[in-house]
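FYI, side chains are in, hydrogens and waters are out, and symmetry mates aren't considered; it's all heavy atoms of this structure. Values in this document were obtained by computation on a predicted structure and should not be read as measured data.
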Amino acid sequence: MNRPKIKIEKNVLDRSIEVFTCILILISASLILIYYNQIPEKIQINFNWPSKDENGFGTKNTLWASPIICGIIAISIYKLNQYPWIFNYPVTITTTNAKYNYKMATQMLRLIGLTIGVMCLTITVISIFNSLGKTIAFQKYTDSLFPIILVGIPVYFIIKIIKNTNN
């Protein structure tokens, strides 16, 4: 695999997406800190976790899983974006199309990272509000919306890359 190793320059939007992703994850962690003493020791856990008991409850410390895991994913995406020539592409990478394809791939990963940041904040807010006995109207949409977005972003960029090759 002899792909050109081109450094893709970030524009203002690229940097803004990365910063906003980090801010969303930090807000998520901050909300846990702010509400931590108000949250009961046992809270309902909506995902399968080792500390989940047979009744669907876990300790409030499991709230930290979302910002920690999402933070690790965001940092990994940030680092991975520095090496776009190692990605898999639906087309053959040449010196003439490398810059475009690398740009599309890095933008795709940034948007996936942003979606993960939004998911982190959403999961945290829903978990905190549920543990405090409050309901959130948009909660019923999140279970189907985030998987659609996380699949839709790569599909969109793959189509865009393939269309550019056919032109």
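Summarising the local packing, OH of Tyr35 is surrounded by 12 or fewer heavy atoms from other residues, nucleotides or ligands at distances under 6.0 Å. For Tyr141, the OH atom is loosely surrounded, since the number of other residues' heavy atoms within 6.0 Å does not exceed 12. For Lys99, the NZ atom sits in a loose shell: 12 or fewer heavy atoms of surrounding residues, nucleotides or ligands are nearer than 6.0 Å.
Residues Ile161 and Tyr100 share a closest heavy-atom pair of CA-CE2, 4.4 Å. Summarising the geometry of Glu9 relative to Lys103, their closest heavy-atom pair is O-NZ, 3.4 Å, with the distance given to 0.1 Å. Residues Pro67 and Ile32 share a closest heavy-atom pair of CG-CD1, 3.7 Å. Heavy atoms only, all atoms of each residue included: Tyr89 and Pro84 are closest at OH-O, 2.6 Å. Nearest heavy atom pair, residue Ile25 against residue Ala74, reads CD1-CB, 3.7 Å.
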Query - Audit row: Gln82, Lys7, side chain to side chain contact (heavy atoms under 4.5 Å, CB included) steps and yes/no - result: CA-CA 7 Å; Gln82 296 173 358; Lys7 181 175 167 124; over 6 Å; no
Requested in this report: Begin with the C-alpha distance, continue with both residues' side-chain angles, and end with the deciding distance and a verdict on side chain to side chain donor-acceptor pair (under 3.5 Å) for Asn81 and Tyr102.
Outcome: CA-CA 9 Å; Asn81 259 346; Tyr102 292 175; over 6 Å; no
Report task. Please test Thr124 against Leu63 for side chain to side chain contact (heavy atoms under 4.5 Å, CB included), starting from the C-alpha separation and ending with a verdict. Result -> CA-CA 7 Å; Thr124 302; Leu63 287 174; 5.8 Å; no
Requested in this report: Dump the intermediate steps for side chain to side chain contact (heavy atoms under 4.5 Å, CB included) on Ile112 and Leu150, then the final yes or no.
Outcome: CA-CA 6 Å; Ile112 289 172; Leu150 287 172; 4.1 Å; yes
Report task. May I have the step-by-step check of side chain to side chain contact (heavy atoms under 4.5 Å, CB included) for Ile86 and Leu80, ending in yes or no? Result -> CA-CA 9 Å; Ile86 66 171; Leu80 185 61; 3.9 Å; yes
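The main-chain N or O of Thr92 is found under 3.5 Å from a side-chain atom of Asn97 such that the two form a donor-acceptor pair. Between the Lys60 side chain and the Ile43 main chain, no donor and acceptor come within less than 3.5 Å of each other. Counting only distance, with no hydrogens or angles, the side chain of Arg3 and the backbone of Ile93 share no donor-acceptor pair below 3.5 Å. For Arg110 (side chain) and Tyr78 (main-chain N/O), no donor-acceptor pair under 3.5 Å exists by modelled atom type. With hydrogens and angles disregarded, a donor-acceptor distance shorter than 3.5 Å links the side chain of Ser131 to the backbone of Ser127. For Thr62 (side chain) and Thr59 (main-chain N/O), a donor-acceptor pair under 3.5 Å exists by modelled atom type.
Lys163 places a side-chain heavy atom less than 4.5 Å from the side chain of Ile159. Residues Glu18 and Lys10 form a side-chain contact, since some pair of their non-hydrogen atoms from C-beta on lies under 4.5 Å apart.
Residues Tyr83 and Ile6 fall within the same hydrophobic cluster, defined by Ile, Leu, Val, Met, Phe, Trp and Tyr side chains chained together at heavy-atom separations under 4.5 Å. Under the 4.5 Å side-chain contact rule for hydrophobic residues, Val19 and Leu111 share a cluster. A continuous path of hydrophobic side-chain contacts links Leu132 to Ile34 [ILVMFWY only; heavy atoms under 4.5 Å]. In this structure, Ile158 is not a member of the same hydrophobic cluster as Val155, with clusters built from ILVMFWY side-chain heavy atoms closer than 4.5 Å. One hydrophobic cluster, built from ILVMFWY side chains closer than 4.5 Å, holds both Leu33 and Ile23.
With rounding to the nearest 0.5 angstrom, the OH atom of Tyr156 is 7.5 Å from the CE atom of Met104. Considering OG1 of Thr106 and CD1 of Ile17, their distance stands at 10.0 Å, rounded to 0.5 Å. To the nearest 0.5 Å, the span separating OG1 on Thr122 from CG on Leu145 amounts to 9.0 Å. One distance of note links CD1 of Ile75 with SG of Cys22; it measures 7.0 Å at 0.5 Å rounding. The CG atom of Asn101 sits 10.0 Å away from atom CD1 of Ile162, with the distance rounded to the nearest 0.5 Å. Interatomic distance, CD1 of Ile27 versus CG of Leu121, reported as 6.5 Å (0.5 Å rounding).
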